[in-house]
Amino acid sequence: MFTKVLVANRGEIACRIIQSCQSLGVKAVAIYSEADRDARHTQLADEAYEVGPAKVFESYLNIDKILAIAKEARVNAIHPGYGFLSENPDFVTRCHEEEIVFIGPAPETMTLMGDKVSARNHMKNAGVPVIPGSVEPIASADEAVSFAEKQGYPVMLKAAAGGGGIGMEKAGDDEKLKKAFQSNQRRAMNYFSSDSLYIEKALESPRHIEVQIIGDRHGNVIHLGERDCSIQRRHQKVIEEAPALDLSEDLLERLRKAAIQAAKSLRYENAGTLEFLVEDNEFYFLEMNTRLQVEHPVTEQITGVDIVREQLNVAAGEPLGMKQSEVQLQGHAIETRIYAEDPNTFFPSPGTIDAFNIPEGASIRLDTGVQNGTEVTPHYDPLLAKLIVSGNSREDTLKKLQQTLEECDIQGLKTNIPFLREVANHPDYVAGNVTINFVNEHF
Amino acid sequence: MAKIEASMAGNLWKVLKQEGDAVEAGEEVAILESMKMEIPVEAEAAGKIKAVMKAEGEFIDEGEALFEIE
């Protein structure tokens with residue numbers, strides 16, 4: 001096992017990783033921007049180094065500076081968390097050149113899965129079902145229209161290098177598609193430095209179901225069950241739960257088999273997630289996330305597996321800590337993401353937290369990077385905390401969640417807690433009737 | 001002379017209009033990026049851009065003027 005790990009991230013995920021490192025007796029090194037000098041992750045770590053100004057390109061995305069700190073602190077490995085450099089193959093290569101272990105998959109795997117077009121093609125060849133779509137990136141709006149005319153509307157336009165719903169838009173006719181092509185090409189260029197777009201047939205009302213897997217360098221791959229992440233706003237998840245409801249045994253078996261098959265075809269080492277859209281008892285590969293995900297806690301709650309700990313183990317070259325037959329899925333867990341944003345418009349709302357009161361209890365887990373007095377700046381993601389509630393059944397978990405959300409009180413800035421309360425009490429959500437259109441249809 | 005102001009703090013990602021351009025009410029004139037989200041800045045009324053007051057990449061505070069419009 002490593003003796004010291006640098007956590008190249010901030011906020012709740014940095015705190016989460018630091019805690020797992022420390023539970024293994026591994027020293028954790030934090031990096032912080034000028035804006036995060038007093039942040040919780042900075043305080044929790046065994047050592048902390050300033051990485052640069054508030055702007056992400058000069059701090060949490062500054063590869064040279066991060067590697068210089070890693071060398072100065074004499075760490076064995078770097079955990080990237082999610083976002084920032086977690087799916088940047090150049091960073092992985094640079095880590096390897098400096099003989100620092102990157103806690104994640106090989107750069108080639110990341111490159112292959114990072115581009116949505118190559119990922120789709122790889123999965124198709126590995127026998128995983130994909131949504132009908134363009135084999136190559138779409139070069140022009142006219143090409144997009146000619147695909148849509150052959151395939152039929154609606155279609156989904158996506159940035160090949162995309163993520164987080166940026167550069168992604170559904171279009172129902174020629175005119176909308178042409179307009180969407182121009183604006184998303186610009187957005188894709190702004191955010192991902194690549195204006196490459198591709199197109200897929202849009203499913204009408206699918207559910208977003210994903211399978212958590214972990215692989216080691218000894219060829220072992222296991223799955224840790226499924227999560228339902230259908231509740232999304234602006235194509236970004238807000239509520240996730242495990243296990244996913246009402247999936248037939250046959251579908252579950254096919255999904256899990258496809259996920260393992262996909263990971264094995266990549267000789268995948270690390271925790272990873274295969275995302276699928278599910279409609280009418282069929283599933284289609286959406287993308288693979290080659291990193292730890294925001295919603296990993298719901299899987300941890302129903303399996304008892306510490307996913308970060310397993311990441312550290314496999315990155316250190318050890319075999320997985322369990323066999324598939326030892327993985328037990330028990331109970332239910334729901335995660336709600338508490339964002340600093342207007343609950344109606346979903347626009348971000350920076351500010352200072354004057355009060356931060358979330359109930360605690362045996363079945364309540366709170367993953368957060370903020371506390372009373374924290375200034376939430378416009379520089380970073382608006383995620384304040386993840387509230388994860390567990391129970392024996394979905395009904396029991398949902399009751400606890402409704403009650404807990406009622407008692408949550410965050411003052412000083414706007415949060416989406418009123419929105420989360422409404423969803424948690426919505427008859428369709430309570431009944432489990434959710435698709436990725438839930439928020440658009442009801443809010 | 002009216003001003004178009006930033007509705008919230010963030011990085012100025014794109015300036016979509018230049019000096020001398022005509023704008024319609026509700027037209028996007030710039031894009032701010034804040035907390036990983038693109039926030040379009042729209043002209044409140046029709047007019048002509050008299051001056052562009054900020055450059056792309058600058059950090060803008062809420063209420064700061066981005067354009068002068070006449």
Side-chain angles (χ1 to χ4, degrees), chain A residues 10-11 33-35 53-58 60-61 82-84 159 162-169 179 182-193 233-236 294 337 339-342 345-352 375-384 413-416, chain B:
Chain A
R10 63 177 302 284
S33 70
E34 276 171 24
K55 280 188 177 176
V56 289
F57 288 104
E58 293 167 43
Y60 298 104
L61 289 175
Y82 55 69
F84 294 133
I166 296 162
M168 177 165 153
E169 199 170 333
K179 224 171 151 184
Q182 311 300 352
S183 58
N184 287 290
Q185 203 171 37
R186 175 180 54 74
R187 285 200 180 95
M189 194 65 201
N190 278 349
Y191 277 86
F192 313 112
S193 306
R233 54 101 182 85
R234 303 192 323 246
H235 303 299
Q236 283 186 332
V294 181
R337 298 189 190 186
Y339 286 114
E341 69 181 21
D342 185 295
T345 61
F346 306 129
F347 268 35
S349 171
T352 301
E375 192 195 342
V376 181
T377 70
H379 300 287
Y380 314 113
D381 185 279
L383 182 66
L384 298 179
L413 36 68
K414 287 185 197 168
T415 76
N416 65 338
Chain B
M1 190 87 64
K3 289 192 167 90
I4 302 177
E5 294 169 351
S7 54
M8 65 180 307
N11 278 309
L12 185 56
W13 256 112
K14 288 280 164 199
V15 173
L16 302 173
K17 295 288 171 187
Q18 303 308 323
E19 213 176 292
D21 286 351
V23 292
E24 297 293 327
E27 196 177 345
E28 272 186 36
V29 291
I31 297 169
L32 282 171
E33 195 267 341
S34 187
M35 292 172 123
K36 279 179 72 186
M37 195 176 157
E38 285 189 357
I39 318 280
V41 180
E42 293 171 358
E44 280 177 24
K48 195 172 164 188
I49 303 287
K50 175 88 176 157
V52 181
M53 302 169 79
K54 298 284 173 188
E56 286 178 6
E58 268 189 79
F59 190 81
I60 312 291
D61 269 322
E62 185 182 340
E64 269 194 86
L66 304 176
F67 298 91
E68 263 184 15
I69 186 167
E70 62 177 4

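Throughout, protein chains are lettered first and strands after them, A, B, ... in sequence-line order, and every chain is numbered starting at 1.
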inquiry  = Please classify the contact of B/Leu32 with chain A as side chain, backbone, both or neither, using a heavy-atom distance under 4.5 Å.
reply    = neither

inquiry  = Does any backbone or side-chain atom of B/Glu62 lie under 4.5 Å from a heavy atom of chain A? Answer side chain, backbone, both or neither.
reply    = neither

For the residue pair [X] and [Y], establish whether any side-chain heavy-atom pair is separated by less than 4.5 Å.
X        : Y        : answer
B/Met8   : A/Pro348 : yes
B/Phe59  : A/Pro378 : yes
A/Arg234 : B/Met37  : yes

Neighbour count above 12 (heavy atom, 6.0 Å) for [X] [atom1]:
X       : atom1 : value
B/Lys17 : NZ    : yes
B/Glu70 : CD    : yes
A/Glu34 : CD    : yes

Measuring heavy-atom distances to chain B, does [X] have an atom under 4.5 Å in its side chain, in its backbone, in both, or in neither?
X        : value
A/Ala340 : both
A/Arg187 : both
A/Tyr380 : backbone
A/Phe346 : backbone

task = Could you grab the distance from atom CD of B/Glu38 to atom CZ of A/Arg186, nearest 0.5 Å is fine?
result = 5.5 Å

task = Working to the nearest 0.5 Å, report the span between NE2 of A/His379 and CD of B/Glu33.
result = 10.5 Å

note = Between A/Lys55 and B/Asn11, the two heavy atoms sitting closest are CE-OD1, 3.6 Å

